[in-house]
Amino acid sequence: MNILGLSAFYHEASACLLRDGGIVAALSEERLSREKHDPGFPLKSIRECLRIAGIGVHDIDHVAWYENPQMKRERQLSHASEDLWLSSPPELPEHSIRYALGYDGEIDFFPHHLSHAASAYYCSGYRDAAVMVVDGVGEWATTSLGTASPEGIEFLDEVLFPHSIGLLYSTVTSFLGFKVNNGEYKVMGLAPYGQPRFAEQFRTLLKNSESADFTLDLKYFNFSGKGKMFTKEFSELFSLPPRQANDTLEQMHKDIARSLQLVLEETLLQKTNYLYAKTNTKNLCFAGGVALNCVANGRILREGPFESLFVQPAAGDAGGALGAALLAAAKHTSGAYTANP
C-alpha cells in the first residue's frame, strides 16, 4: 500500500511517501524550490518521492493531509480581519491534490495536532508513551497532552487558541525585530547572553496553572492577522519600543530573550510533570514547533519526570506530512487511529 502524506499552504510544505507502513521518502519543498519555508503545494517534493519509490500517481492508494481545512477556516472566521481573504480557502488542499497532482482516489484529512503526535509516536520505537504537542495553533488547539499506544493516540487535555505558548514566542520574535516563523531560533540563541530580569513581566503575559491550562493576557497581543502581533501595552510592559530589524542588539533585548526562554522552560516542565502524573508512563513523545526548542528539551530530559524523550526531528509543520501518512497507514491497516477528542 502506497500512502502519500502532504502539508502545505502555511509554511514548511512537505511530502512523505510510505510503502506498506515504511518510510520510502520524505522531503521539504524548500529543499528543491530553494525558497526557505516554502508554503506552496509541494509538487516538486511529490515528484521526487514518487521517483525515489519508482511509482506514479496512479500507484498511490491514499493521500493524507496534515490538518482539517474546514475547522481551520472556522477558527480564522471567528477572529476575522480585513486580510482574511489572503488565507487559503478550505477547498484548496483537495483541489490542488485533484488537479495539480491528477489524483482521483481517497483523501484523508487529519487534525493538525494529531498529525504532529503521530509523527513523533509512530517513529519513536516506544510501545506506550505520553504525547505532548505544543505549537502556534492547529485548527483550534495550541497545546495537546495525551497518550499513545498500539491501540492509537488519544488526547486527554487541550488548550485552545488564542492562548498559545508558540504564539507568545513568535510575538517576542517579532518584537525583537526577527521574522515570525523564521527567527524563533535566533531568540533561543540570544537567550544565553541575557539575564532573566523580565521574567515577572512574562509571568504577567502567561498565566500558568497546575493542570494543562494556561492563559495569555490578551490585551498585550494582536492575533487578528492584521498588523503586529503585539499591542502598545506590550511595549509599555517592558518600557521598551520594538526593535527594528537593522537596529543594534542591546543587552535589554538579550534579557528579554532570556526571560522568555526561562518562562517557556518553566511552563513546559510543569506540563510534563502534570502529564506524567496523569499517564504514569516512562516515555514522552514531543512534537509541534515549540519542540524545536532544543534548550527546553534538554531541561525536560534532565529535570522532568520522564525517563526517555523522543522529539520528532521535523517537529514543525514539515513533519505534519509524515504524521498524516502514518495516521492513514494505521487507519487503513490496523485501525490504530483515533480522532479524540
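Quick caveat: nothing in here was measured; it's all calculated off a predicted structure.
Salt-bridge check for Asp157 with Lys278: passed, with a basic side-chain N closer than 4.0 Å to an acidic carboxylate O. In this structure, Arg299 pairs ionically with Glu265, as a charged nitrogen and a carboxylate oxygen lie closer than 4.0 Å. The residues Asp108 and Lys331 are annotated as salt-bridged, a charged nitrogen and a carboxylate oxygen being separated by less than 4.0 angstrom. In summary, Arg34 and Glu30 do not engage in a salt bridge, as defined by a charged side-chain N under 4.0 Å from a carboxylate O.
Here the straight-line distance linking atom NE2 of His11 with atom OG of Ser7 works out to 9.0 Å at 0.5 Å rounding. The OG atom of Ser259 sits 8.0 Å away from atom CZ of Arg197, with the distance rounded to the nearest 0.5 Å. The line from CG of Leu50 to OG of Ser45 is 10.5 Å long, rounded to the nearest 0.5 Å. Taken to the nearest 0.5 Å, the CD atom of Gln251 stands 12.0 Å off from the CZ atom of Arg258. Rounding to the nearest 0.5 Å gives a distance of 6.5 Å between CG of Leu4 and CG of Leu101. Remark: Thr272 OG1 to Phe306 CZ distance equals 6.5 Å, nearest 0.5 Å.
Considering Gln270, Arg203, Glu266 in turn, Gln270 is the only one that fulfils the side chain to side chain donor-acceptor pair (under 3.5 Å) rule with Asn208.
The environment of Lys44 atom NZ is sparse: at most 12 non-hydrogen atoms of other residues, nucleotides or ligands sit within 6.0 angstrom.
When side chains are defined from C-beta on, Val187 does not count as touching Ile256, because their heavy atoms never get closer than 4.5 Å. Inter-residue side-chain proximity for Phe286 and Ile300 is flagged as met; some heavy-atom pair is nearer than 4.5 Å. Between Cys285 and Gln312, every side-chain heavy-atom pair lies at or beyond the 4.5 Å cut-off. Between Val24 and Leu18, the closest side-chain pair of non-hydrogen atoms is not below 4.5 Å.
Looking at Thr204, its side chain does come within 3.5 Å of a backbone N or O of Glu200 through a donor-acceptor pair. The main-chain N or O of Glu29 is never found under 3.5 Å from a side-chain atom of Asp38 such that the two would form a donor-acceptor pair. In this structure, Asn283 contributes its side chain and Asp128 its backbone to a donor-acceptor pair below 3.5 Å. Looking at Asn68, its side chain does come within 3.5 Å of a backbone N or O of Met71 through a donor-acceptor pair. The closest donor-acceptor contact from the side chain of Asn182 to the backbone of Lys179 lies at 3.5 Å or more, if one exists at all. The main-chain N or O of Gln195 is found under 3.5 Å from a side-chain atom of Asp255 such that the two form a donor-acceptor pair. Without hydrogens or angle criteria, His163 side chain to Leu216 main chain gives a donor-acceptor distance under 3.5 Å. Side chain of Asn273 to main chain of Ala277: no donor-acceptor pair is present (N/O by atom type, distance under 3.5 Å, no hydrogens or angles). In this structure, the side chain of Asp61 does not engage the main chain of Ile3 through any donor-acceptor pair within 3.5 Å. Here the side chain of Glu139 pairs a donor or acceptor atom with the backbone of His112 at under 3.5 angstrom.
No single ILVMFWY cluster, assembled from side-chain heavy atoms under 4.5 Å apart, contains both Val180 and Phe9. There is no path of hydrophobic side-chain contacts, each under 4.5 Å, that joins Met132 to Leu292. The cluster map of Ile, Leu, Val, Met, Phe, Trp and Tyr, joined by side-chain heavy atoms under 4.5 Å apart, puts Leu156 and Tyr276 in different clusters. Residues Val134 and Leu260 share a single hydrophobic cluster, defined by chaining ILVMFWY side chains whose heavy atoms lie under 4.5 Å apart. Put simply, Tyr169 and Phe214 are part of the same group of oily side chains (I, L, V, M, F, W, Y) that touch within less than 4.5 Å, one to the next.
Between Phe234 and Phe175, a ring centre-to-centre spacing shorter than 6.0 Å is recorded. In this structure, Phe230 has its ring center at least 6.0 angstrom away from the ring center of Tyr220. Aromatic ring centres of Tyr121 and Tyr126 lie farther apart than the 6.0 Å criterion allows.
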Leu160 vs Thr142, test: side-chain contact (heavy atoms from CB on, under 4.5 Å). Steps then yes/no. CA-CA 5 Å; Leu160 303 181; Thr142 68; over 6 Å; no
For Glu94 and Ile107, run side-chain contact (heavy atoms from CB on, under 4.5 Å): C-alpha distance rounded to whole Å, both residues' side-chain angles, the deciding distance at 0.1 Å, then the answer. CA-CA 8 Å; Glu94 181 169 1; Ile107 303 173; 3.9 Å; yes
Begin with the C-alpha distance, continue with both residues' side-chain angles, and end with the deciding distance and a verdict on salt bridge (Lys or Arg N to Asp or Glu O under 4.0 Å) for Lys72 and Glu67. CA-CA 8 Å; Lys72 179 178 179 180; Glu67 65 183 4; 3.3 Å; yes
Show your working on side chain to side chain donor-acceptor pair (under 3.5 Å) between His253 and Asp247 and close with a plain yes or no. CA-CA 11 Å; His253 300 127; Asp247 290 351; over 6 Å; no
Does the pair Val137 and Arg75 meet the rule for a side-chain contact (heavy atoms from CB on, under 4.5 Å), with working shown? CA-CA 10 Å; Val137 61; Arg75 188 253 303 164; 3.6 Å; yes
Kindly determine whether Ser209 and Ser211 satisfy side chain to side chain donor-acceptor pair (under 3.5 Å), including the steps that lead there. CA-CA 5 Å; Ser209 75; Ser211 65; 3.2 Å; yes
Derivation of the side chain to side chain donor-acceptor pair (under 3.5 Å) call for Asn293 and Gln261: CA-CA 9 Å; Asn293 194 299; Gln261 181 68 29; 2.9 Å; yes
Run the ring-ring contact (aromatic ring centres under 6.0 Å, His included) check on Phe110 and Tyr66 step by step: do they pass? CA-CA 6 Å; Phe110 295 104; Tyr66 80 124; over 10 Å; no
Under the criterion side-chain contact (heavy atoms from CB on, under 4.5 Å), I'd like the reasoning laid out for Ile23 against Cys123: C-alpha separation, chi angles, the key distance, then a yes or no. CA-CA 10 Å; Ile23 301 171; Cys123 294; 4.3 Å; yes
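Shortest non-hydrogen contact noted between Leu27 and Leu32 is CD2-CD1, 3.4 Å. In plain terms, the two heavy atoms of His113 and Ser144 that are nearest each other are ND1-OG, 2.7 Å. What you find for Gly40 and Ala13 is that their closest heavy atoms are O-CB, 3.0 Å. Across all their heavy atoms, Cys49 and Ala25 have their closest contact at SG-CB, 3.8 Å. In this structure, Met188 and Pro192 approach most closely via the heavy-atom pair O-CD, 3.4 Å. Heavy-atom minimum distance, Ala212 versus Leu145: CB-CD1, 3.7 Å.
Looking at Ser149 and Glu151, their side chains do bring a donor and an acceptor atom within 3.5 Å of each other. At a cut-off of 3.5 Å, with distance as the only test, no side-chain donor of Asn2 or His62 sits close to an acceptor on the other residue. Side-chain N/O atoms of Ser170 and Glu184 include a donor and acceptor closer than 3.5 Å.
Ring geometry for Phe223 versus Phe161: interplanar angle of 30 to 60°, hence tilted.
Seen from the ring of Tyr103, Arg98 does not count as a face-on cation partner, given the 6.0 Å and 45° thresholds. A cation-pi arrangement is found for Arg243 relative to Phe178, the charged atom lying closer than 6.0 Å to the ring centre and inside a 45° cone about the ring normal.
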